[in-house]
Every structure is written in structure tokens, then in C-alpha cells.
There are 2 protein chains.
Amino acid sequence: MMTDSRSADRDAATDALFKALSDGTRRALLETLVREGEQNVQALTQQSGVSQPMVSRHMAKLKRAGLVTARRTGRETWYAARVKGLAPVIGWMAVHGALWSQRFSALEGLGK
Amino acid sequence: MMTDSRSADRDAATDALFKALSDGTRRALLETLVREGEQNVQALTQQSGVSQPMVSRHMAKLKRAGLVTARRTGRETWYAARVKGLAPVIGWMAVHGALWSQRFSALEGLGK
DNA sequence: TTAACCCATAATCATTGGGTTATGGATTGG
DNA sequence: CCAATCCATAACCCAATGATTATGGGTTAA
């Protein structure tokens, strides 16, 4: 049930998700997880080009947005991409109706 | 041709696009254009809940991101959603390969 | 137990960015 | 020509954020 006509674009989860994706460093971190699977903070720090604390904070934000999961074993924290996390993005695009939806067929062409 | 292994997530256009979508007010403005078609700044201001200068600045950002087009006639500026503008978002998702691509089939179910 | 290691948080800084009101340029209407 | 209208830009405020170094808590190893 829609409580406000503007709620679709003001949804807190959707907002957190788009904000999480709006930074290049975070997107790069996420892509590393997608490509290379679960990684600990050490490994992510080495490939990211930013400091370890920054990686921790970026991962926290990605986690709050639902884009990664965290699994702690001993002193290491292992992060993994959470595939379902992008669903709200797809949902947001779908909300715009047939106009945008038509373009989704182009996905097949883009799928490399 | 890929000039840098990290370039996919550091591409300036992609960054501008995600940043443009990361604000709820801008997404609401964009959705208005998608739903109701071309609108001038006046109309957008009335429905947005923010001041006219803020609308102008948001629209400028959406335009730089390639999500809207602007057409000036006399003293009015008419903005329209640019459907192709979302392609890089879809492209970015596709870059992540089959892992994400599988989920795109869920679009059909989400398409209302 | 002590040292080394992994990670998260705190403190700090500079920049970005959303918001406002004020202003001004360009266009239309009397 | 003058006034009203439409929009963009400027000036400003404050909160959020990306980044750093410093610190500290918890875990493994010697």
C-alpha cells in the first residue's frame, strides 16, 4: 500500500542503495567481490588504493545497503557480494513502467 | 578498449549517473517527467516541494548525467526524461556478468 | 604472557552537496 | 517602454561524506 505519492522515490532502502552505489570506490570494491568472491578486509584494502579504515567504512555502508554480507571468523572479516541486494534498483526502474521496461530487452545484447 | 582494470567503476559518466540517481528529490523529479512527460521548471517546482533554484540545479545535474534533455522556448525551459540515459546503469549491472544477469529475468515479474 | 596481526572506531580535515534567499538576464504582455 | 514572468546563477549556511592518521579491542602465534 502506498502511503504517499512520492514514497517510491523517497523509500529509505532505495535511497541507501543508490547512495551506496554512487561512489566509485565502493563500486570497485563491490565488483571485486563479484569477480573474485569472498574477500577479507586486507585483500580489499590492497586492491582498492585507499586506507584500511576507509575500506571498513565503505563495506559498512555497502552492508547497510544490503549489497554485501559480512562473516567474521576470528580476527578476519570476510565480505561477499549479496546478489539480491540490487533488486530494489531493478524495482525502481520497473516502477517507471513500460517506458523504461521496453529498454530492459536491451539487456540481452549487453550481456557479455 | 579497457585502459585500466578499475576503469569500469571509475568511469566519469557512470559516476555522474549514479550520483544523479542518489538523491530522492532528483529521482522524484525524474519520475514526474517519465509519468507526465515534458515539463517546465514552474510545474516541476510546484510538485517537488523545493524551491525553484533548487529545481534548476537538480535538473542541471540530471542533464549532465544524461537523464534528461532541455529545450528552451522563450523564457521557459522544458525538460524531458531521456530514456537512453539509464543504459549505463544497465551496462554496469551487466558488467558483473552472469551472476547479476540471471536476476534480470526477474524484471518481467516486477514490471507493473 | 607477550607480541604481532586484523579490523573497526574515533578524531580530524577538506570537499561536496542539498537547501535557502537574493539577484539578474532574457522574454513576454500591457 | 515598463512591468511581470520564467529561469539560472550567486552567495551563503549547514550537514553529510570521503579521506587520512591514531587508537584500541579482539584473536592468533611464539
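To find a chain, count down the sequence lines: A is the first, B the second, and so on, and within it residues start at 1.
When each of D:dC7, C:dG19, D:dA19 is scored by its nearest atom to the side-chain atoms of B:T25, the top-ranked nucleotide is C:dG19. Nearest to the side chain of B:V50, among D:dC7, D:dA19, C:dG19, sits C:dG19. For B:D23, whose side chain is taken as the heavy atoms from C-beta onward, the closest listed nucleotide among D:dC7, C:dG17, C:dG18 is C:dG18. Ranking D:dT20, C:dC7, D:dC7 by closeness to the A:M54 side chain, first place goes to D:dT20.
Taking atom NZ of residue A:K63 and atom P of nucleotide C:dC7, one finds them 14 Å apart after rounding to whole Å. In this structure, the CG atom of B:L62 is 12 Å from the P atom of D:dA8, given to the nearest Å. Here the P atom of nucleotide C:dC7 and the CH2 atom of A:W78 are 8 Å apart, to the nearest Å. For B:L44 and D:dA8, the CG to P distance is 10 Å, given to the nearest whole Å. Residue A:D15 contributes atom CG, which lies 14 Å from atom C1' of C:dG17 at whole-angstrom precision. Atom CZ of B:R72 is separated from atom P of D:dC6 by 12 Å (rounded to the nearest Å). In this entry the distance linking CE of A:M59 with C1' of C:dC7 reads 13 Å, nearest Å. The separation between B:K19 atom NZ and C:dG17 atom P is 7 Å, rounded to whole Å.
Counting atom types as modelled, B:R57 pairs no side-chain N or O with a base atom of C:dG17 as donor and acceptor under 3.5 Å. Between the base of D:dC7 and the side chain of B:R75 there is no donor-acceptor pair shorter than 3.5 Å.
B:D23 and B:K61 are not joined by a salt bridge, as no carboxylate oxygen comes within less than 4.0 angstrom of a charged side-chain nitrogen. Taking a cutoff of 4.0 Å between a charged side-chain nitrogen and a carboxylate oxygen, B:E76 and B:R72 do not qualify as a salt bridge.
Across all strands, A:Q42 comes closer than 4.0 Å only to sugar-phosphate atoms, never to a base (heavy-atom distances). As judged by a 4.0 angstrom heavy-atom cut-off over every strand, B:E76 is placed among residues touching the sugar-phosphate backbone only. Using a 4.0 Å heavy-atom distance criterion, A:T77 is classed as a sugar-phosphate-only contact.
The side chain of A:K61 places an N or O atom within less than 4.0 Å of a non-bridging phosphate oxygen (OP1 or OP2) of D:dG18. An OP1 or OP2 oxygen of D:dG18 is reached within less than 4.0 angstrom by a side-chain nitrogen or oxygen of A:R26. Checking the phosphate oxygens (OP1, OP2) of C:dG17, no side-chain nitrogen or oxygen of B:H58 falls inside 4.0 Å. Proximity of B:S51 to the phosphate of C:dG18: no side-chain N or O atom is located under 4.0 Å from OP1 or OP2. Contact annotation: A:Y79 does not reach the phosphate of C:dC6 (side-chain N/O to OP1 or OP2, under 4.0 Å).
Looking at heavy atoms from C-beta onward, B:Q47 lies out of side-chain contact with B:E36 at the 4.5 angstrom threshold. Considering only heavy atoms from C-beta on, A:V55 stays 4.5 Å or farther from A:Q52 through its side chain.
Here the rule is side chain to side chain contact (heavy atoms under 4.5 Å, CB included) with B:Y79, and of B:T69, B:L44, B:L62 only B:L44 fits it.
Looking at which nucleotide of DNA chain D each of A:S22 and A:G74 is closest to, the 5′-most match is held by A:S22. Two residues, B:P53 and A:T73, neighbour DNA chain D, and the one matched to the more 5' nucleotide by heavy-atom proximity is B:P53.
For the atom pair CG of B:N40 and CZ of B:R71, the computed distance is 10.0 Å after rounding to the nearest 0.5 Å.
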